[in-house]
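Because only heavy atoms are used, hydrogens play no part in the values below, and waters and symmetry mates are left out as well, while side chains stay in.
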Amino acid sequence: MTMRFTSGRAASVLPTQASIGWPATSISALNGSPKCSASGSTPGRCPARRITVKAELIIIVPCQPKAASARNADVNSHMVIMNISSVPGVRSIGTNPTPIWGMSSTERLRRMAAAQKLRYREDGNGPVLLVAASHVFEPAWLKFMLDRPGQVLTLDGEKVIAHLPSDTGNGFPEGLIEVRVEDNRTFYNAALRKREEPVIARLDPGTVKAIERKTYFGAYKGVTDILTKYLWPEWALVLTRIAAKIGMSPNQVTAIGAALCLLATWLFWIGEYGWGMAAGLVFMVLDTVDGKLARCTITSSEWGNVFDHGVDLIHPPFWWWAWGVGLSHWGLAYTHLEFTLVMIAIVGGYVVQRAIEGAFIRRFNGMHIHVWEKIDSDFRLITARRNPNMVILFVATLFGRPDIGLIAVAVWTVLSCLFHAVRLVQALRRRRRGVKIRSWLTV
C-alpha cells in the first residue's frame, strides 16, 4: 500500500484528531508539521495536511496557525512517499461442524489470527490468507504462509492455506505455486525450545482425539525437567481436556494452582510434609495444564504469562524456607548457623542461577542456556529447580530424614549453579574466538 503525504488546504470542516486511531501528533511527526492544537484551526487561515491512502482513506490533520511567510512556503513543500507493506487478512473457506478443544475450526482460526495481529474477515478485498475449514493446524503454519504470497500450502494434495495478493471473494484460485506440507515438516520453536513438526490435519469426528493429543504434545516444551517431561504429560492431558470442555480459562487454572501453592507452603511450615507434597503435586501438574490449555485453545495473554511465570519464579525459595522451619515439628531442627548456611546455599544459589540464565539470554540474542548444546538440554532435566528438588525431598522424607533432604537440595543447588556459571564463561570465550553460539536444536 502506498501513502502520499501532500500539502494543501482543507476543503471541509477540519477534525481535531486524525482518523483510524492515529494521534494527530504522530502524523505531524511524520510529515514535519508542528503539533496540532486542541481546538484545530480555522479553514482558510491555516494550511493543513491531507494524506491520501491508496485504500481510499483520507486523513485531514489540522495545524497550528503560522505566519504568512511560513504558510506560503508550506504550500510549496515537497511530496513524501511512503511504501508500507500490506498485512493480509484471514478468511475461512467452507464450514466444519466438528469441534476441537471446545471450539469450531473457524473460531480457532479467529483466535489464531488475533494472536498474530491479523484481521479475520468474512469477505473483502486486498491481500488475504485463505484457509480451508476442513483442516486444523498450529499457528506456525499461518506464520509460514505469511511470507509466501502467490503460493498455496497443500496436504496430501488438498489445498489448506493460500496467500493471495488480492481477495476475489471466492475459493482457492488456480495457478498458485504449490508448497507441500510433506516437504516442510520440521520447524524450530524458540519459545518452546524444541524442533517440532507442527500439526496440520483434516478435522472430522474420527480424528478429533488424535489431533487434540498431537496439539497438546505440540504445546509441550522440548527442554524441561524430568517430571514435567516424563511423568506429568498424561495426567495433564486429561485435565486440559476437562478444562477446555467446561470452558475454564488458563488464568482460572493458574489461580487454583496458586492457592494450592500457598497451602503447600503452610503445610511445610507446620511439618506436614506428606500433605504438603500432595498439595504441591497437584499444583505442579496444574502448572503444566494452564500453559497447555492456553496454547491449545489459543487463549494466551500477556497477563496470563506474567501471572503463571510470576508464581513459578517467586514461590520456590518460600517452599525451602518453610521446609526448614517445619523440621522443628519432627525434632530435627537445625541450629541457627546451620539453618542460615542452608538457606544461603539454596536461596542464594537459586537467585544466582536465575541471574546466570538471564545473562546468557541477554548476551546471546534471547537464546536460553539450556538449548545451547545437548549437554545443557540434558542437564535441564535434573538441574536444581523445584521439581527435581522435590524428588530429593520426597525420597529423604520416605526414609524419615527431611533434614538431610534439605541439605542435599542445598548441595545440589550449589553444584547446579557452578555448572551454569562454567557454561556461561565457556560460551563467552568461544564467542571471543569468533565461534557462533547457536542452539543445537535449530534447523
Side-chain angles (χ1 to χ4, degrees), residues 1-3 53-55 82-96 100 104-203 207 211 214-215 218-219 222 295-296 298 300 365-366 438-439 441-443:
M1 179 166 60
T2 302
M3 300 183 69
V53 184
K54 192 173 182 180
M82 288 184 60
N83 291 320
I84 302 177
S85 60
S86 298
V87 178
V90 178
R91 181 165 68 83
S92 179
I93 299 177
T95 58
N96 191 338
I100 181 170
S104 67
S105 61
T106 301
E107 176 58 26
R108 179 180 170 84
L109 181 61
R110 287 179 185 273
R111 295 182 186 183
M112 200 180 298
Q116 297 188 30
K117 304 294 188 296
L118 302 174
R119 185 170 60 87
Y120 182 88
R121 65 193 193 201
E122 300 293 344
D123 50 29
N125 50 30
V128 67
L129 289 168
L130 295 182
V131 178
S134 57
H135 289 68
V136 291
F137 49 84
E138 294 189 89
W141 288 112
L142 206 61
K143 294 178 182 177
F144 178 79
M145 290 304 295
L146 270 175
D147 298 327
R148 289 166 172 77
Q151 300 182 29
V152 58
L153 182 70
T154 64
L155 175 66
D156 296 328
E158 291 186 285
K159 296 176 181 177
V160 182
I161 309 173
H163 188 163
L164 305 185
S166 181
D167 190 358
T168 61
N170 300 315
F172 291 111
E174 299 298 328
L176 298 175
I177 299 172
E178 181 181 8
V179 181
R180 288 166 25 96
V181 168
E182 294 82 356
D183 299 331
N184 297 275
R185 278 290 189 186
T186 307
F187 293 69
Y188 174 62
N189 189 324
L192 297 181
R193 309 171 204 168
K194 65 176 181 179
R195 290 182 188 142
E196 65 175 358
E197 293 186 3
V199 175
I200 181 167
R202 171 172 279 277
L203 178 64
T207 62
I211 293 174
K214 287 181 180 179
T215 54
R295 296 186 190 107
C296 289
I298 323 293
S300 299
N365 301 318
R438 58 185 297 178
S439 171
L441 293 170
T442 54
V443 180

**Item:** Working for side chain to side chain contact (heavy atoms under 4.5 Å, CB included), residues Leu155 and Glu182
**Value:** CA-CA 7 Å; Leu155 175 66; Glu182 294 82 356; 3.9 Å; yes
**Message:** Could you go through Leu203 and Ile100, starting from their C-alpha distance and side-chain angles, then the distance that decides it, and tell me whether this counts as side chain to side chain contact (heavy atoms under 4.5 Å, CB included)?
**Reply:** CA-CA 8 Å; Leu203 178 64; Ile100 181 170; 4.2 Å; yes
**Request:** Before giving the answer on side chain to side chain contact (heavy atoms under 4.5 Å, CB included), spell out for Val181 and Phe137 the whole-Å C-alpha distance, their side-chain angles and the decisive distance to 0.1 Å.
**Result:** CA-CA 11 Å; Val181 168; Phe137 49 84; over 6 Å; no
**Asked** Does the side chain to side chain contact (heavy atoms under 4.5 Å, CB included) test come out yes or no for Leu176 and Leu164, once each step is laid out?
**Response** CA-CA 9 Å; Leu176 298 175; Leu164 305 185; 3.6 Å; yes
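To the nearest 0.5 Å, the span separating CG on Leu130 from CE on Met145 amounts to 10.0 Å. Atom NE2 of residue His135 and atom CD1 of residue Ile161 lie 10.0 Å apart, to the nearest 0.5 angstrom. A distance of 7.5 Å separates CG of Asn170 from CZ of Arg91, quoted to the nearest 0.5 Å. Between the CD1 atom in Ile200 and the OG1 atom in Thr215 there is a gap of 13.5 Å [rounded to 0.5 Å]. Taking CE of Met112 as the reference point, atom CD of Gln116 lies at 7.5 Å (rounded to 0.5 Å). In this structure, the separation between CG on Leu129 and CZ on Arg121 is 9.0 Å, given to the nearest 0.5 Å.
A pairwise comparison of heavy atoms in Ala140 and Pro198 identifies CB-CG, 3.8 Å as the closest pair. Taking each heavy atom of Phe172 and Val131 in turn, the nearest pair found is CZ-C, 4.3 Å. Minimum interatomic distance between Ala113 and Val90 (heavy atoms only, all atoms of both residues): CB-CG2, 4.0 Å. What you find for Ser92 and Ala133 is that their closest heavy atoms are OG-CB, 3.5 Å.
Checked for salt-bridge contact, Asp156 and Arg202 miss the test: no charged N lies under 4.0 Å from a carboxylate O. Ion pair Lys159/Glu174 flagged as a salt bridge, since at least one NZ, NE, NH1 or NH2 atom sits closer than 4.0 Å to an Asp/Glu carboxylate oxygen.
Crowding of Asn365 atom CG: a count of heavy atoms from other residues, nucleotides or ligands under 6.0 Å not exceeding 12.
For the pair Phe144 and Val179, the minimum side-chain heavy-atom distance is below 4.5 Å. Using a 4.5 Å cut-off on side-chain heavy atoms (C-beta onward), Thr168 and Pro173 make no contact. The shortest distance between side-chain heavy atoms of Thr95 and Thr106 does not fall below 4.5 Å. A 4.5 Å side-chain heavy-atom check between Asn96 and Val136 finds every atom pair outside the cut-off.
Of the options Glu107, Arg108, Arg110, a side-chain contact (heavy atoms from CB on, under 4.5 Å) to Ile298 is made by Arg108 and by none of the others.
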